[in-house]
Amino acid sequence: MKSHHLGIGMTSQRTRERLINRLQEEGIRSTVVLDAIRSTPRHIFVDEALASRAYEDTALPIGHGQTISQPYIVARMTEVLLSGGKLDKVLEVGTGSGYQAAILAQLVGQVYSVERIDALLKLARQRFMELGLRNIRLKHCDGKLGWPEYAPYDGIIVTAAPADVPTALLEQLAVGGRLIIPVGASGRNQTLLSITRTPDGYQQETLETVSFVPLLSGRDQAHF
Ligand code: SAH
């Protein structure tokens with residue numbers, strides 16, 4: 001991976017190590033997840049003006065009223081997603097900055113990620129190229145509909161909160177696959193769910209209370 005803003009200290013190895021310690025304190029146990037977070041330069045996923053805060057365990061604005069998720073949440077969702085074993089295909093709904101997708105790309109075979117704001121998608125694509133991440137496929141669409149073309153997925157991660165679990169996402173889950181999704185009205189009282197598809201249905205587990213931006217309908221106008 002290329003290095004950015006070297007020498008200004010805030011992106012130093014020690015700063016990143018502090019974040020890893022914090023995540024461990026918060027209960028993240030997966031070594032592969034912690035290693036992926038350690039080796040991923042989060043500061044290139046935010047505006048340069050916010051780079052000094054990139055290794056704090058906090059969500060940050062990425063424009064268009066959206067946010068890059070808190071590292072703890074990224075770690076937790078990824079850890080739960082991976083706990084069922086090795087994953088070949090994973091779908092992410094809500095590419096945003098691309099940070100979650102970049103973490104996933106280091107841990108699964110192929111990442112498919114969809115985003116409704118075209119400008120964010122273009123920035124994310126540049127970042128993946130810069131980092132040499134080649135196993136992420138992107139699409140500008142309404143993620144409530146999933147991405148049927150490549151279904152079924154071994155895992156689906158949704159990084160914006162709908163009021164209810166979209167049916168299309170349940171349908172695009174492979175048997176044995178897991179859907180990690182925050183559900184609830186926008187604000188603080190959303191619940192993070194882990195839903196596993198079984199041979200004869202779905203098994204739901206409640207993980208914790210979370211706060212995500214809302215999953216909206218439709219997509220913005222593409223600017224070509
Ligand atoms: N995973 C992102 C988090 C971004 S915030 C990251 O690591 O940075 C959630 C994102 O979901 C926003 O970019 C928002 O535009 C997007 N989003 C909201 N509703 C959507 C929908 N219906 N389809 C696709 N993306 C959606």
Side-chain angles (χ1 to χ4, degrees), residues 19 23 33 36-37 40-47 50-51 53-81 90-108 111-128 131 133 136-150 153 155-169 172 179-187 190 192 210-223:
L19 172 61
L23 296 178
V33 170
I37 289 179
T40 304
R42 190 168 182 258
H43 62 278
I44 80 154
F45 291 87
V46 297
D47 193 86
L50 289 170
R53 304 192 55 201
Y55 299 95
E56 290 175 17
D57 188 22
T58 179
L60 293 168
I62 55 171
H64 307 270
Q66 306 304 320
T67 56
I68 179 172
S69 305
Q70 181 192 358
Y72 167 74
I73 284 294
V74 172
R76 177 84 167 116
M77 289 173 86
T78 309
E79 187 172 68
V80 176
L81 191 75
V90 171
L91 172 67
E92 177 193 29
V93 174
T95 314
S97 69
Y99 181 70
Q100 170 77 74
I103 298 291
L104 285 171
Q106 299 168 63
L107 301 169
V108 308
V111 178
Y112 299 86
S113 185
V114 300
E115 169 58 55
R116 63 178 293 281
I117 299 176
D118 198 46
L120 291 177
L121 204 60
K122 289 194 162 116
L123 276 174
R125 184 172 274 127
Q126 281 174 16
R127 291 168 179 145
F128 301 147
L131 296 176
L133 295 170
I136 306 172
R137 201 170 280 207
L138 298 170
K139 191 183 174 192
H140 179 220
C141 66
D142 180 355
K144 274 188 189 167
L145 309 173
W147 192 346
E149 196 180 345
Y150 296 103
Y153 301 96
I156 302 179
I157 222 170
V158 183
T159 66
D164 303 290
V165 179
T167 313
L169 299 183
Q172 291 171 31
L179 166 63
I180 315 295
I181 185 169
V183 172
S186 84
Q190 300 157 357
L192 189 61
V210 289
S211 176
F212 278 86
V213 295
L215 188 77
L216 302 174
S217 287
R219 49 171 226 183
D220 74 341
Q221 296 304 309
H223 304 287

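Atoms within a ligand are numbered from 1 in the order they appear, just like the ligands themselves. Note that the coordinates shown come from a computational prediction; the quantities given were computed from them, not determined experimentally. Index from 1, following the sequence.
Short contacts between ligand 1 and Leu120, defined as distances under 4.0 Å to a heavy atom of the residue, involve ligand atoms 13 (O). Close approach of ligand 1 to Cys141 (heavy-atom distance below 4.0 Å) involves ligand atoms 23 (N), 24 (C). Near Pro214, meaning under 4.0 Å from any of its heavy atoms, are these atoms of ligand 1: 18 (C). Here is the list of ligand 1 atoms found below 4.0 Å of a heavy atom in Ile117: 15 (O). Contact atoms of ligand 1 toward Ile68: 8 (O) (distance under 4.0 Å to a heavy atom of the residue). Below 4.0 Å from some heavy atom of Gln100 lie the following atoms of ligand 1, by number and element: 1 (N), 7 (O). Each of the following atoms of ligand 1 lies closer than 4.0 Å to a heavy atom of Val213: 5 (S), 9 (C). Atom numbering of ligand 1 starts at 1 in the shown order; those under 4.0 Å from a heavy atom of Ser97 are 6 (C), 7 (O), 8 (O).
Residues Leu91 and Ser113 form no side-chain contact, since every pair of their non-hydrogen atoms from C-beta on lies 4.5 Å or further apart. Proximity of Ile156 to Val90: side-chain heavy atoms (C-beta onward) are nowhere separated by under 4.5 Å. Residues Ser211 and Gln70 are not in side-chain contact: their nearest non-hydrogen atoms beyond the backbone lie 4.5 Å or more apart. Here the side chains of Ile136 and Leu133 are in contact, with some heavy-atom distance below 4.5 Å. Residues Gln100 and Thr78 meet the side-chain proximity criterion, which asks for heavy atoms closer than 4.5 Å.
For the side-chain hydrogen bond (donor to acceptor under 3.5 Å, both in side chains) criterion with Asp220, the lone passing option out of Arg116, His64, His140 is His140.
In this structure, Tyr112 and Trp147 have perpendicular ring planes: the angle between them is above 60°, well past the 30° mark.
For Glu115 (side chain) and Cys141 (main-chain N/O), no donor-acceptor pair under 3.5 Å exists by modelled atom type. Side chain of Thr95 to backbone of Val114: a donor-acceptor contact under 3.5 angstrom is found.
Below 3.5 Å of separation, one finds no N or O of Leu215 facing any N or O of ligand 1. When only interatomic distances are considered, the shortest N/O to N/O separation between Ala160 and ligand 1 does not fall below 3.5 Å. The distance criterion of under 3.5 Å between nitrogen or oxygen atoms is met by Asp142 with respect to ligand 1.
The closest heavy-atom contact to atom 5 (S) of ligand 1, among the options Thr67, Ile73, Leu104, comes from Thr67.
Heavy-atom separations between Ala124 and ligand 1 are all 4.0 Å or longer. Under a 4.0 Å heavy-atom criterion, Glu92 is in contact with ligand 1. Residue contact check for ligand 1: Thr95 places a non-hydrogen atom closer than 4.0 Å to it.
With a 6.0 Å cutoff to the six-membered ring centre and a 45° limit on the axis angle, Arg42 counts as a cation-pi contact of Tyr99.
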